[in-house]
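First comes the structure, then the notes that go with it.
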Amino acid sequence: MAQIPLFLLFSTLLLRSAAASPPQDLVRSSCLNASYPSLCLRTLSSYSGPINTPRDLAQAAVKVSLARARKASSYLTTNVTAAAGKSGRERAALSDCVEQMAESVDELSRTLGELKHLRGETFEFQMSNARTWVSAALTNEDTCLDGFRAVAENVKSDVKKTITNVAKVTSNALYMIRKLDETGGTNW
């Protein structure tokens with residue numbers, strides 16, 4: 001008799017595990033070849049929304065990137081406001097970077113909107129838009145970093161750390177969009 005409840009408990013755990021593992025398997029298998037696999041796995045495994053399809057996964061990756069870009073934009077805006085004691089070059093680099101990050105936020109927002117409204121008849125066009133906008137966001141992030149080449153190391157280090165993190169999750173988002181695009185509009 002003691003074996004029956006144990007068997008039932010084991011069976012129930014197996015069923016729950018099987019029911020919960022496909023989304024985690026999708027995240028794990030999709031992150032394997034991402035630009036930054038461990039960051040991909042860490043950010044998407046802890047994502048609170050549903051991830052059951054390649055479309056969900058691409059949306060989640062863009063949402064992570066968008067959230068980090070917004071946070072970086074806020075951080076940079078605060079630094080520009082507090083830039084009174086900084087050199088003209090530092091203020092200009094921060095100001096340019098704020099502008100670049102604002103553009104990244106806009107492009108990632110547009111991408112998310114596009115991914116939320118995918119349609120079979122316009123799938124290729126929509127995916128082209130998504131790839132273009134995320135690539136542009138990534139370029140903006142790189143351009144922001146370029147502006148800090150001749151800036152004091154303490155300022156450059158903080159900005160570089162912040163923007164590099166955004167660029168890495170954005171790169172992973174681009175990878176997930178490409179993976180979704182490979183489905184050709186099926187299974188999404």
Side-chain angles (χ1 to χ4, degrees), residues 18-77 96-147 159 162-188:
S21 65
Q24 285 303 323
D25 288 347
L26 177 63
V27 169
R28 198 172 297 115
S29 65
S30 297
C31 284
L32 280 176
N33 294 311
S35 303
Y36 303 94
S38 60
L39 180 63
C40 178
L41 191 57
R42 189 171 62 250
T43 57
L44 294 177
S45 291
S46 63
Y47 179 75
S48 61
I51 300 180
N52 299 310
T53 66
R55 179 181 179 173
D56 293 341
L57 191 59
Q59 286 181 15
V62 171
K63 285 178 183 178
V64 166
S65 180
L66 180 57
R68 296 217 179 166
R70 283 181 175 145
K71 188 174 179 180
S73 183
S74 175
Y75 166 78
L76 291 167
T77 300
D96 289 348
C97 198
V98 165
E99 191 176 310
Q100 295 293 325
M101 290 309 299
E103 289 178 20
S104 287
V105 166
D106 180 57
E107 287 152 346
L108 292 166
S109 295
R110 290 167 68 185
T111 301
L112 187 57
E114 198 79 344
L115 293 175
K116 286 181 177 180
H117 299 99
L118 292 176
R119 294 177 306 280
E121 64 276 2
T122 57
F123 180 82
E124 287 181 35
F125 177 71
Q126 290 174 293
M127 292 309 297
S128 175
N129 286 342
R131 283 191 318 276
T132 299
W133 293 328
V134 175
S135 294
L138 201 49
T139 299
N140 290 336
E141 293 152 12
D142 288 341
T143 301
C144 170
L145 289 175
D146 288 345
V159 171
T162 301
I163 301 304
T164 298
N165 182 273
V166 176
K168 286 179 178 180
V169 293
T170 302
S171 180
N172 284 342
L174 181 58
Y175 175 76
M176 293 305 168
I177 287 169
R178 287 183 176 145
K179 294 279 290 176
L180 173 59
D181 195 15
E182 288 173 7
T183 69
T186 61
N187 224 5
W188 46 274

Listed by chain and number, what are the side chain to side chain donor-acceptor pair (under 3.5 Å) partners of D146, not counting sequence neighbours?
-> R149
Just jot down the side chain to side chain contact (heavy atoms under 4.5 Å, CB included) partners of T164, sequence neighbours excluded, or say none.
-> L145, K160, K168
Straight-line distance of E124 CD to T122 OG1, nearest 0.5 Å | 10.0 Å
Got a second to check how far Y175's OH is from L57's CG, nearest 0.5 Å?
-> 9.5 Å
Exam field: side chain T143 to backbone T139, donor-acceptor pair closer than 3.5 Å | yes
If every non-hydrogen atom of V166 is compared with every non-hydrogen atom of M101, which pair is closest and at what distance?
-> CG1-CE, 4.0 Å
Would you mind reporting whether C40 and M176 have side-chain heavy atoms less than 4.5 Å apart?
-> yes
side-chain hydrogen bond (donor to acceptor under 3.5 Å, both in side chains) pairs touching residues 33-44, sequence neighbours excluded, are S35-S171
Please name all residues satisfying salt bridge (Lys or Arg N to Asp or Glu O under 4.0 Å) with R131, sequence neighbours left out, ordered by chain then number.
-> D181
From CD1 (I163) to CD (E141), nearest 0.5 Å = 7.0 Å
Measure across L174 and S135 and return the closest heavy-atom pair with its distance rounded to 0.1 Å.
-> CD2-OG, 3.7 Å
Check the pair T53, T183 against side chain to side chain contact (heavy atoms under 4.5 Å, CB included), reporting the backbone distance first and the verdict last.
-> CA-CA 11 Å; T53 66; T183 69; over 6 Å; no
Only distances under 3.5 Å count here; give the side-chain donor-acceptor pairs of residues 64-76 to other protein atoms, sequence neighbours excluded, each with its distance to 0.1 Å.
residue, atom, partner, partner atom, Å
S65, OG, T170, OG1, 2.6
R68, NH1, N165, OD1, 2.8
Y75, OH, N79, ND2, 3.3

Full working for side chain to side chain contact (heavy atoms under 4.5 Å, CB included) between N172 and L44 = CA-CA 10 Å; N172 284 342; L44 294 177; over 6 Å; no
Does anything in residues 98-110 pair up under side-chain hydrogen bond (donor to acceptor under 3.5 Å, both in side chains), and if so which pairs, sequence neighbours excluded?
-> E107-N140
Quick one: pull up CD1 in I51 and CG in D25 and give me the separation to the nearest 0.5 Å.
-> 12.5 Å
Shortest non-hydrogen contact between L26 and N52, atoms and distance = CD2-C, 3.8 Å
Which atom of L108 lies closest to which atom of V134, heavy atoms considered | CD2-CG2, 4.1 Å
Sequence-distant partners of K63, side chain to side chain donor-acceptor pair (under 3.5 Å), two or more places apart | Y47
Least distance between heavy atoms, L41 atom then R28 atom | CD1-CA, 3.9 Å
Do any pairs count as a disulfide bond (SG atoms under 2.5 Å apart) and have a residue in residues 96-128, sequence neighbours left out, and if so which ones?
-> C97-C144
Where is the tightest heavy-atom contact between H117 and Q126, given as atom of each residue plus distance?
-> O-NE2, 2.7 Å
